[in-house]
**Student:** 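Sharing a structure with you now.
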Amino acid sequence: NAGVTQTPKFRILKIGQSMTLQCTQDMNHNYMYWYRQDPGMGLKLIYYSVGAGITDKGEVPNGYNVSRSTTEDFPLRLELAAPSQTSVYFCASSYSQTYEQYFGPGTRLTVT
Amino acid sequence: GENVEQHPSTLSVQEGDSAVIKCTYSDSASNYFPWYKQELGKRPQLIIDIRSNVGEKKDQRIAVTLNKTAKHFSLHITETQPEDSAVYFCAASLRSGAGSYQLTFGKGTKLSVIP
C-alpha cells in the first residue's frame, strides 16, 4: 500500500493564481482531511470529508475549496492565491474520526 | 471550539533522561487524545493515543496519562535516545456541531536529546 500520497511536493505561485493540491489514499478510508502547518505552529484543519460526496469546513476554510467524488481522492483547490496561504499542506485519512490519522508527505507552497 | 495548550515549546534532555510534555484542553466533552511525532521535513506520525475512558496507557518507553477532571494529558518518554529528537504534537478530538469529530492540535514541543 502506498498509503496517502500528495502532489506536488513543492510549488511556487504568484499572487492571484489558482492551483489544485492532489491527495489520494489507498486504504479505503472514509474520512479524509486537509491541514495547513505554519512555522512554529501546530496543524490547523482546513476541510474534511466523512465520505464520498460529503465535505465540511474546518477551522480555517477561507480561500480554499474541496470536493470528494470518490473514496480515494480529496483535492484541495486554492483560488486567487495570497501570501497568507504560504504554508505546508498535509492531507490525511483515517478509518474513523477517533482513530489514527495517516498523513501524506506534504506540499510546500509559497505564494509571492 | 476546542483549545489545546501545549508546554513546553522546547525541551532539551540528556540521553537516558526522561522527558515530559503537557497539554491542557478546554472542552470537557473531548474524548480522544493522540500524540504525533514529526521529524524535520517529514510527515506527522502517531506514536500513542488515549481515550477518555482510560487514565493511562503505555507502549515500551512511551506513556500517556489523562486527567479528565483537570482537563490535561501528558506524554512521558523514558530512557530518551537521540532518535527521539523531533517535534511532538498533542491533539484533542471534539464532536462538532455537525455531528462529526475534529482534531485540534497543540503548537508542538521541539524535543532535543543530547548524546
Side-chain angles (χ1 to χ4, degrees), chain A residues 2-7 9-10 21 23-25 27 29-51 53-61 66 68 74 87-108, chain B residues 1-10 21 23-27 29-54 57 59 64 86-110:
Chain A
V4 181
T5 57
Q6 291 181 237
T7 57
K9 286 187 169 58
F10 305 94
L21 281 66
C23 175
T24 300
Q25 55 93 8
M27 295 174 282
H29 287 164
N30 281 326
Y31 299 87
M32 295 189 74
Y33 316 85
W34 275 105
Y35 294 92
R36 59 176 288 172
Q37 184 176 36
D38 299 323
M41 303 292 286
L43 296 137
K44 292 197 179 292
L45 183 65
I46 305 171
Y47 270 95
Y48 66 99
S49 170
V50 301
I54 306 170
T55 63
D56 207 349
K57 295 178 181 179
E59 184 182 358
V60 290
V66 294
R68 185 93 182 272
F74 190 40
S87 190
V88 179
Y89 291 84
F90 287 100
C91 178
S93 73
S94 66
Y95 165 75
S96 167
Q97 286 181 300
T98 54
Y99 280 79
E100 177 176 4
Q101 292 189 14
Y102 294 84
F103 285 81
T107 295
R108 186 174 295 275
Chain B
E2 178 66 282
N3 185 41
V4 177
E5 298 286 338
Q6 183 171 348
H7 300 280
S9 56
T10 60
I21 303 170
C23 288
T24 60
Y25 59 98
S26 59
D27 198 312
S30 292
N31 63 354
Y32 174 65
F33 307 90
W35 286 88
Y36 284 82
K37 175 183 180 182
Q38 186 178 29
E39 297 176 353
L40 188 63
K42 300 289 182 64
R43 73 192 79 187
Q45 292 189 294
L46 182 78
I47 55 171
I48 196 166
D49 57 10
I50 191 167
R51 299 180 189 282
S52 57
N53 59 347
V54 176
K57 184 176 179 181
D59 182 3
V64 57
V87 178
Y88 291 81
F89 293 97
C90 64
S93 179
L94 176 68
R95 189 164 184 143
S96 70
S100 56
Y101 289 86
Q102 296 184 19
L103 274 184
T104 298
F105 285 83
K107 292 184 178 180
T109 296
K110 183 177 181 181

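The sequence lines fix the lettering, A, B, ..., with proteins before strands; numbering per chain opens at 1.
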**Student:** Going by heavy atoms in the side chains, are B/Ile21 and B/Cys90 under 4.5 Å from each other?
**Tutor:**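 Result no, sub-4.5 Å side-chain heavy-atom pair not found.
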
**Student:** List the residues meeting salt bridge (charged side-chain N to carboxylate O under 4.0 Å, His left out) with A/Lys57, not counting sequence neighbours, and say none if there are none.
**Tutor:** none

**Student:** Would you mind telling me which of A/Phe103, A/Phe74, A/Tyr89 makes a ring pair (Phe, Tyr, Trp, His ring centres under 6.0 Å) with A/Tyr35?
**Tutor:** A/Phe103

**Student:** Against chain A, label B/Phe33 side chain, backbone, both or neither, depending on which of its atoms sit under 4.5 Å from a heavy atom there.
**Tutor:** neither

**Student:** Can you see which heavy atom on A/Gln101 is nearest to which on B/Leu103, and at what distance?
**Tutor:** NE2-CD1, 3.4 Å

**Student:** Working to the nearest 0.5 angstrom, can you tell me the gap between B/Lys37 NZ and B/Thr109 OG1?
**Tutor:**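 Going from NZ on B/Lys37 over to OG1 on B/Thr109, the span is 14.0 Å.
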
**Student:** Does any backbone or side-chain atom of A/Leu43 lie under 4.5 Å from a heavy atom of chain B? Answer side chain, backbone, both or neither.
**Tutor:** both

**Student:** Specify which of A/Pro105, A/Gly58, A/Ser96 makes the most heavy-atom pairs with chain B at under 4.5 Å.
**Tutor:**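 Highest number of heavy-atom pairs under 4.5 Å: A/Pro105.
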
**Student:** If I measure from the heavy atoms of chain A, does B/Pro34 come under 4.5 Å with its side chain, its backbone, both, or neither?
**Tutor:** neither

**Student:** For A/Val4, is it the side chain, the backbone, both or neither that has a heavy atom under 4.5 Å from a heavy atom of chain B?
**Tutor:**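 Just its backbone gets close to chain B.
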
**Student:** Check whether A/Tyr99 gets within reach of chain B through its side chain, its backbone, both or neither, counting any heavy atom under 4.5 Å.
**Tutor:** both

**Student:** Among A/Val88, A/Thr98, A/Val50, A/Leu45, single out the residue with the greatest number of heavy-atom pairs under 4.5 Å to chain B.
**Tutor:** A/Thr98

**Student:** Which pairs count as side-chain hydrogen bond (donor to acceptor under 3.5 Å, both in side chains) when at least one residue sits in residues 38-51 of chain B, sequence neighbours excluded?
**Tutor:**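 Non-adjacent pairs meeting side-chain hydrogen bond (donor to acceptor under 3.5 Å, both in side chains): A/Gln37-B/Gln38, B/Tyr32-B/Asp49, B/Asp49-B/Lys57.
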
**Student:** Heavy-atom cut-off 4.5 Å, strictly under: side chain, backbone, both or neither for A/Phe90 against chain B?
**Tutor:**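 The answer is the side chain of A/Phe90.
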
